[in-house]
Every structure is written in structure tokens, then in C-alpha cells.
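Residue numbering restarts at 1 for every chain, and letters A, B, ... go by the order of the sequence lines.
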2 protein chains.
Amino acid sequence: MIIDRNSPVPQYFQLQTWLIEQIEQGVFKTNDKIPTEEELAEITGLARATIRQAVQNLVNMGYLERKRRLGTFVINNEAKSETRTIVGLLVPDIRSGYAPELARGVEDEAAKNKHSLILCDTDDLYVKTEFHVNRLLENSVAGVILMPPAATDEQNQKIVTRFLNNNIPVVLVDRIIPGIEIDYVTTNNFEGGYEITEYLIKKGHRKIGIVLSTLFSTERDRLEGYKKALTDHGIPIDPDIIIADSGPFIQNRYFKYARTLLKKRNDLSAIFAGHDRIALIFYSLAKEMGVSIPGDISIVGYDDLHFTTIPLTTMHQPIYEMGQESMKLIMSRINGEDKGPRDIVLKSHIVERESVDSLV
Amino acid sequence: MIIDRNSPVPQYFQLQTWLIEQIEQGVFKTNDKIPTEEELAEITGLARATIRQAVQNLVNMGYLERKRRLGTFVINNEAKSETRTIVGLLVPDIRSGYAPELARGVEDEAAKNKHSLILCDTDDLYVKTEFHVNRLLENSVAGVILMPPAATDEQNQKIVTRFLNNNIPVVLVDRIIPGIEIDYVTTNNFEGGYEITEYLIKKGHRKIGIVLSTLFSTERDRLEGYKKALTDHGIPIDPDIIIADSGPFIQNRYFKYARTLLKKRNDLSAIFAGHDRIALIFYSLAKEMGVSIPGDISIVGYDDLHFTTIPLTTMHQPIYEMGQESMKLIMSRINGEDKGPRDIVLKSHIVERESVDSLV
DNA sequence: ATAGATTAATTGTATATACAATTATACAAT
DNA sequence: ATTGTATAATTGTATATACAATTAATCTAT
């Protein structure tokens with residue numbers, strides 16, 4: 001029996017549910033005619049008005065289509081299940097660092113799956129990020145790929161939570177937010193920091209300066225890798241040549257740091273720039289100060305931005321792949337394929353160019 | 001009398017129409033309670049079931065909200081008229097040239113107005129562009145900012161027409177499509193080409209090579225400006241030192257062109273690179289060939305990408321502003337503010353650095 | 001063959017009626 | 001003060017009935 005007259009759930013609703021079931025199980029297929037209202041009344045024992053109520057709802061919901069004199073028909077339910085296919089990407093600034101490369105990776109992977117990408121620039125500011133969060137929620141995106149801004153962990157957690165509360169999955173890229181269980185895609189920054197430091201050590205460098213920010217998990221990890229590598233090779237850690245900024249990347253400030261370290265160049269043989277844009281500052285300043293790289297001092301970077309004019313030895317990060325992977329991950333979440341947080345850690349590798357002198 | 005019982009239009013529909021009128025004219029305001037079904041039955045003389053049919057439709061349409069025991073209420077109709085606020089941006093590749101700067105200008109202006117931006121990379125290919133067009137149409141964007149791909153004029157016209165047929169306004173940026181009346185935002189490429197050529201001439205250069213592609217309106221205009229400047233200064237145009245590619249920007253090909261021109265450096269004193277990425281190739285190759293810039297040969301570019309390591313004298317294009325202006329333009333079109341095509345031509349200006357030697 | 005009229009099936013519109021469920025409010029009991 | 005109970009207003013669910021409108025299919029006349 002289709003209808004349970006003793007159930008507290010309304011009979012029109014029972015019929016509605018039953019009809020949807022039939023449609024989704026393929027009993028009534030696309031373009032099939034379902035029984036007429038009269039027939040349904042007979043089958044179910046309900047009045048025609050009740051039948052109509054149920055059918056009308058399904059018409060409103062896009063399952064059925066009525067045709068006068070012909071009957072009621074099942075609508076193509078493929079077309080109907082038009083899933084939201086827009087994903088948000090939040091980066092600090094599409095113009096700088098590896099954001100363009102990342103965005104391209106994300107976009108290509110999105111395109112492969114007929115998804116679209118809403119681009120948001122946060123300028124690494126919490127307020128701007130919040131602003132974009134509102135708009136992404138308004139546009140009911142299917143998922144969000146977030147490079148967390150330079151905000152407190154609590155603020156970043158709040159951002160993520162707002163999406164999750166709306167059943168919108170979030171994937172973090174590159175930077176991690178401590179204290180929250182969430183998917184992320186990043187690279188092995190600790191090992192990377194270790195490797196490139198070890199590379200310098202093997203080239204005979206023992207006095208290696210480093211400049212970076214501890215605001216982001218990525219650079220913190222690189223710093224730890226750097227320290228571990230020194231310790232493992234019996235080199236004491238010298239706080240005087242570790243410059244750890246605590247804020248976001250501000251050019252002027254880093255120019256000052258670079259100047260400080262370049263002035264100490266007699267005590268130093270190499271510098272580990274926390275990322276390529278810092279290395280670039282060293283190059284600019286070195287030129288200005290008449291310091292030769294790698295003649296007077298060696299430099300390594302991290303990222304491998306596509307600098308065509310300076311031969312920087314650096315740690316190549318698979319940024320494009322990071323974009324792709326985060327899109328893949330968010331799509332699997334959107335489709336509800338996987339449960340539990342999943343972390344993807346991609347591997348970086350050193351790209352040797354001519355910014356490091358060998359002392360051995 | 002609200003209901004005309006002799007009208008062929010159904011009475012529930014008459015009631016519906018009347019209710020909508022009352023709401024939109026402000027007789028029933030947001031959060032107002034409308035008469036109960038019983039009262040409406042009395043007022044109209046219709047049966048309660050008929051009243052319900054009308055009211056139910058308005059509930060489905062988002063005008064009204066029923067609350068048991070309390071009555072039926074008018075929903076905030078501001079919130080209801082949720083306008084689409086997503087705009088599509090089609091660029092060849094978000095990673096290269098000035099696309100990031102442009103995207104940022106567009107995005108900032110969009111954000112100001114609570115609009116969002118869908119980013120599409122076309123790789124300058126018609127098929128890819130078409131693919132994105134489909135997705136933008138599916139997502140029913142409110143407008144499109146298009147940098148036309150390297151396709152035929154007919155193909156580009158087709159792309160634009162598809163949007164226009166769907167009442168989606170289009171603004172072209174930078175590149176123009178001949179043969180179609182459409183809004184565009186660009187810079188004064190002809191004058192720019194003229195100016196920077198004249199700049200070289202005034203520095204004493206008379207043998208000035210040029211490399212660019214004639215595929216795009218921008219570079220064609222620059223070439224015309226170059227020719228006009230030479231002619232105006234009584235310098236003959238030498239086809240041997242004009243390299244006009246007809247396709248999109250392909251690095252290898254331009255390396256070849258650059259090599260050709262650099263080999264002729266005894267006959268040339270300066271080169272006008274059609275855009276900065278071409279200039280960059282000259283720098284790379286010059287280094288490889290041991291040619292000094294500007295010692296052996298002077299170079300100017302066009303765009304003013306943010307090269308921090310090479311001191312290129314170039315024509316600064318207000319890319320960011322172009323992005324802003326195109327967003328403003330598309331928004332005014334979305335709001336139906338202006339009729340007839342409108343063209344915005346921004347001015348570029350020379351940025352002097354150290355890639356040009358003065359011969360006078 | 002074609003145009004026009006008829007038929008019948010089906011959904012569309014409309015009414016009258018009855019009882020159920022929900023819940024703001026008032027009132028009562030603890 | 002809190003909890004429980006009753007009341008009444010209103011929407012929610014359900015039925016029986018009737019006629020209207022639409023239109024595919026059939027029949028009829030030319």
C-alpha cells in the first residue's frame with residue numbers, strides 16, 4: 001500500500017515521496033507518462049484534490065510537467081539536477097608571488113570538470129577576506145579554496161567555520177591554520193627548508209643567513225628545516241643572522257633586512273631567502289650596493305617564480321599542481337566522496353642556477 | 001470589485017495579480033500581515049480553496065510567507081529581487097603579461113560594488129574561449145569582460161554575439177574586434193607607438209627595428225604609430241628591420257626574431273619591442289650573446305610590466321585602470337544606464353629607465 | 001486530400017465542507 | 001517564578017463534487 005492513513009505525515013506528502021522514489025529509481029523514466037490523476041486516485045484511494053496537491057508540488061520542484069489532455073510527464077532529471085559548479089578561490093593578490101600560477105592550476109582543473117572559478121583578492125587582510133566570504137556565501141558557491149590571510153588563527157578558523165556551517169567544503173592551500181581539522185594541500189616545507197640549507201652546507205657554506213616571516217606556517221616550517229639542517233651538520237644556530245619578521249610581506253621592511261644582512265657579508269657566505277620575492281630584493285639591493293651574486297655572497301630562494309633575468313637557485317614548488325590538487329580535493333568533497341580530513345603534501349625540489357658559489 | 005467573475009482569466013489568478021499589485025504598490029508592506037484566508041474569502045466572495053491557491057502561488061514565488069495561527073505575511077521584497085552579480089573575465093592566461101594586473105583592477109572595482117568575478121583562461125584559443133562562453137552562459141553571468149582571443153574577426157564576433165543574444169553585455173578590453181559595434185576599453189596604442197618611437201628618434205636613433213604581432217589591434221596600432229613617427233621625422237621605413245609576426249605570442253619564435261635583429265646590431269641602434277615580454281626576450285638573448293643593453297643596442301618595450309631586475313624604458317599602460325574602467329562600463333550596461341556603444345581610450349606614458357642610450 | 005466539426009481524455013478551475021495541527025495568549029497550578 | 005493546561009485563531013490536510021478548457025484523435029463533408 002502506498003499510503004498509510006494512520007501516519008502523521010500528510011497523505012499528499014506520502015504520495016509525493018512515493019512519486020519521487022519511482023522517478024529516481026527509474027520506474028517512471030524521463031518523458032514517461034505517469035498515471036492520470038483519476039488513476040492515481042484509484043490506486044491510492046485518495047481524492048483527486050489530494051493527488052493534485054502532491055503532483056503540483058512535484059511540478060514546482062521540477063520533477064513533473066503537466067500537459068492538458070495528455071497527462072503528466074517526467075522531466076529529464078539529468079538537466080534538473082543542475083549542480084552548482086562555482087568554486088571560490090581566495091588569494092592575497094592575484095598579481096603577486098605564485099598566485100597567478102596557482103590560480104591557473106585551479107582554473108584548468110575546474111575547466112576540465114566544467115566548474116567555474118570566482119577569484120577574490122584578500123590582500124592578506126582579515127576584513128577583506130570576510131567581505132569576500134559574504135559574497136561567496138551569497139553566490140552559494142559549491143566550495144572554497146582558501147589561502148588563509150595574515151590573520152590570527154582564531155580569525156582564520158572563523159572564516160573556515162562560516163563556510164562549513166553552510167555545508168560548503170573548504171580546502172586550504174599552501175598555508176595551514178592550526179587548531180582546525182580541515183583538508184589542505186601544501187608542500188613539504190620543513191623538508192624543503194632542510195634540503196636547501198643542506199645544499200648550501202654541502203657547497204661549503206657554514207655561515208648562512210635567513211630572512212622570512214613567521215606569520216605563515218610555510219615559512220615557519222622552512223625555518224625549522226633550516227635549523228635542523230644546521231644542527232645535523234654540527235653548525236651552531238646564530239640568532240644574529242636569522243631575521244624572522246612576524247607580519248605579512250612588506251617590501252620596504254624586507255629591503256631593510258636585506259641591507260642588514262648584506263652589510264654583514266663578510267661574516268656570511270650565503271643567504272636563504274624565505275621566498276623568491278625576498279631573493280629578488282636581495283638582487284635589487286646587491287646591484288645598488290655593488291655586491292656580486294654569487295661572487296660576494298650566495299643566495300637561494302624558495303618558490304621558483306619564473307624570473308627570466310636572474311639565475312636564482314631556488315626550491316621549486318609545484319604551485320600549478322597545488323592548484324590542481326586543491327581543485328580535485330574540493331570537487332571530491334563537493335561530491336561527498338570522502339569523509340575525514342585529507343592532507344596532500346607535494347614535494348618540492350631544488351633548481352640549480354647560478355646564485356650559489358661553491359666553496360669546496 | 002477585485003474579482004471579475006466573467007473574465008476568462010481564472011479568479012485565483014486575478015486574486016494573485018491583485019495581491020502582487022498591493023504588495024508592489026506598498027499597500028501591504030514588508031512584514032505586514034495580509035487578510036486571513038477567511039477574510040479574503042469574504043472580501044472577494046471566493047471559496048477558501050481558491051484563496052489558498054492564489055496565496056500558495058505567491059508563497060512559491062517568494063512574495064508571501066505563511067505562519068500557522070498567525071496569518072500570512074509579506075516577505076522583504078528587496079531581498080527577493082536578488083540581482084545576479086557575477087561578471088566573467090576572459091583573458092589569455094592569468095599568469096602572463098598584464099593579465100594579473102588587469103584582473104586585479106577588475107576585481108577591485110567589482111568588489112566595490114559587491115560583484116564577483118569568474119576568471120577564465122582562454123590561452124588565446126578560440127575553442128577554449130567557446131568552452132568558457134558556454135559555462136558563463138550556464139552560470140548566467142550579468143556581464144562579460146573579454147580580451148578577444150587570437151581568432152578570426154568572424155569567430156570573435158560570434159563569441160560576442162552569443163552573449164548579446166542572451167542580453168548579457170560585453171566589454172572588450174585592450175584588443176578590439178573590427179566590424180562589430182561594442183563597448184571597449186583600450187589605450188591609445190597608435191599615439192603610444194608614435195611617442196615612444198619619437199622618443200628614440202629624439203635620442204638620436206634613426207635605425208630602429210621593431211618586433212611585434214599584427215594579429216592584435218593593439219600591436220597593429222603601435223606599428224602604425226611607429227611608421228608615422230619615422231615618416232614625420234623624415235626617416236625611411238625599412239621593411240628589413242620590421243618583424244611583424246601574424247600569430248599569437250610564442251616564445252621560441254620571438255627568440256628567433258630577436259636573434260635576427262641582434263645580429264644586425266651594427267645596422268641598428270635601437271629596437272622597439274612590441275610589448276615587454278618581447279623586450280625580456282631581447283634581454284635574455286643579449287646576455288647570452290654578450291650584447292650590452294643599452295651599450296650596444298637600445299631597447300624600449302610597451303606595457304610596463306613590473307620587472308624589478310631589468311631597467312627597461314617602456315610605455316606604461318594603465319592596465320589596472322583599464323580593468324577598473326571595463327568593470328565600471330560593464331556595470332553601467334548591466335544597470336541599463338547607457339545606450340549605444342561607448343569607447344574608453346586611456347592614455348599611456350613613457351617611463352624612462354636605463355635601456356636607451358642617447359646618441360646626441 | 002483537405003478543411004472543419006465532433007469526441008473524449010485529461011488537466012484546470014472552483015466550491016462547500018470538515019477536521020487536524022500549530023501556537024500565541026491567557027489562565028491555573030505548583 | 002516556573003510549569004502545565006485550556007482556548008482560540010489561523011493555517012494545514014483531506015474529501016466530494018462540478019464544470020471549464022485544451023487538444024489529440026477521429027469522423028464528416030466537401
Side-chain angles (χ1 to χ4, degrees), chain A residues 1-20 22-23 28-75, chain B residues 1-20 22-23 28-75:
Chain A
M1 216 39 212
I2 298 167
I3 305 297
D4 174 5
R5 302 190 87 108
N6 294 319
S7 163
V9 2
Q11 298 166 43
Y12 81 93
F13 197 85
Q14 290 183 41
L15 173 58
Q16 204 173 304
T17 311
W18 179 78
L19 282 169
I20 291 179
Q22 304 304 300
I23 292 168
F28 300 142
K29 301 195 189 66
T30 302
N31 298 325
D32 272 8
K33 183 185 172 197
I34 67 166
T36 66
E37 295 179 353
E38 204 58 57
E39 283 165 351
L40 281 173
E42 187 143 353
I43 294 168
T44 58
L46 300 173
R48 194 177 144 223
T50 308
I51 306 289
R52 276 187 75 71
Q53 196 176 354
V55 170
Q56 183 59 51
N57 283 341
L58 296 191
V59 169
N60 291 340
M61 289 161 73
Y63 282 98
L64 298 175
E65 177 186 24
R66 285 175 150 145
K67 289 184 186 170
R68 249 183 196 180
R69 145 81 229 213
L70 295 181
T72 303
F73 299 83
V74 177
I75 285 182
Chain B
M1 215 41 210
I2 298 166
I3 304 297
D4 174 5
R5 301 191 88 108
N6 295 319
S7 163
V9 3
Q11 299 167 43
Y12 82 92
F13 196 86
Q14 292 183 40
L15 175 56
Q16 205 174 304
T17 311
W18 180 78
L19 282 169
I20 291 177
Q22 304 305 300
I23 292 169
F28 300 141
K29 299 193 190 66
T30 301
N31 298 327
D32 272 8
K33 183 185 172 201
I34 67 166
T36 65
E37 296 180 352
E38 205 56 58
E39 285 165 350
L40 282 174
E42 188 142 354
I43 295 168
T44 58
L46 300 173
R48 194 178 144 223
T50 307
I51 306 289
R52 276 186 74 71
Q53 195 176 355
V55 170
Q56 184 58 52
N57 283 341
L58 296 190
V59 168
N60 290 340
M61 290 162 72
Y63 281 98
L64 298 175
E65 175 186 26
R66 284 176 152 144
K67 289 184 186 168
R68 251 185 194 177
R69 143 82 226 208
L70 295 180
T72 303
F73 298 83
V74 177
I75 285 182

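In this structure the side chain of A:Gln14 reaches within 4.5 angstrom of the side chain of A:Asp4, judged on heavy atoms. Counting only heavy atoms from C-beta outward, the side chains of B:Leu15 and B:Gln11 never approach each other to under 4.5 Å. Put simply, the side chain of A:Gln16 does not reach to within 4.5 Å of the side chain of A:Gln53, judged on heavy atoms. Side-chain contact between A:Lys29 and A:Val74 is absent, with no heavy-atom pair separated by less than 4.5 Å. Using a 4.5 Å heavy-atom cutoff, the side chains of B:Leu46 and B:Ile3 are in contact. By the 4.5 Å heavy-atom criterion applied to side chains, A:Thr72 and A:Val55 are counted as neighbours. You'll find the side chain of B:Trp18 stays beyond 4.5 Å of the side chain of B:Thr44, heavy atoms only. A 4.5 Å side-chain heavy-atom check between A:Phe28 and A:Leu19 finds at least one atom pair inside the cut-off.
Rounded to whole Å, atom C1' of D:dT10 lies 15 Å from atom CG of B:Leu64. In this structure, A:Asn60 places its CG atom 12 Å from P of C:dG12, rounding to the nearest Å. Summarising the geometry, the separation between CD on A:Gln16 and P on D:dG12 is reported as 14 Å, rounded to the nearest angstrom. With rounding to whole Å, A:Gln53 atom CD is found 10 Å from D:dG12 atom P. Rounded to whole Å, atom C1' of C:dT11 lies 14 Å from atom CD1 of A:Ile51. Taking atom CD of A:Glu65 as the reference point, atom P of C:dT10 lies 17 Å away to the nearest angstrom. Atom CD1 of B:Ile3 is separated from atom P of C:dT13 by 14 Å (rounded to the nearest Å). What separates CG of B:Leu46 from C1' of C:dT15 is a distance of 10 Å, to the nearest Å.
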For DNA chain C, just give me the dot-bracket, please: Watson-Crick or G-U, both distances below 3.5 Å, ( ) intra-strand, [ ] crossing earlier pairs, | paired with another strand, . unpaired. ||||||||||||||||||||||||||||||
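Residue B:Lys33 places at least one side-chain N or O under 4.0 Å from the OP1 or OP2 atom of D:dT10. Here B:Arg52 reaches the OP1 or OP2 of D:dG12: one of its side-chain N or O atoms lies under 4.0 Å away. In this model, the phosphate group of D:dA14 is approached by a side-chain N or O of A:Gln11 to a distance below 4.0 Å at OP1 or OP2. Between B:Thr50 and C:dT15, a side-chain N or O to OP1/OP2 separation shorter than 4.0 Å is present. Taking side-chain N and O atoms only, B:Arg48 has no distance below 4.0 Å to OP1 or OP2 of C:dA16. Between C:dA9 and A:Thr36, no contact under 4.0 Å exists linking OP1 or OP2 to a side-chain N or O.
Just one of B:Glu37, B:Glu39, B:Glu38 meets the salt bridge (charged side-chain N to carboxylate O under 4.0 Å, His left out) condition when paired with B:Arg48; it is B:Glu37.
Mapping A:Arg68 and B:Glu39 onto DNA chain D via the closest heavy atom, the residue that lands nearer the 5' end is B:Glu39.
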Below 3.5 Å is the cut-off: list the nitrogen or oxygen pairs between protein and nucleotides 24-27 of chain C, distance only.
residue : atom : partner : partner atom : Å
C:dA24  : N3   : B:Arg69 : NH1          : 3.4

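If you check D:dT11, C:dT11, C:dA14 against the side chain of B:Arg66, the one that comes closest is D:dT11. The side chain of A:Ala47 approaches D:dT15 more closely than any other nucleotide in the set C:dT15, D:dG12, D:dT15. Between C:dG12, D:dT11, D:dT15, one nucleotide has an atom nearer to the side chain of B:Glu37 than all others, and that is D:dT11.
Rounded to the nearest 0.5 Å, atoms CD1 (A:Ile23) and CG (A:Leu64) are 4.5 Å apart.
The residue A:Glu38 sits apart from the nucleic acid: no heavy atom pair falls under 4.0 Å.
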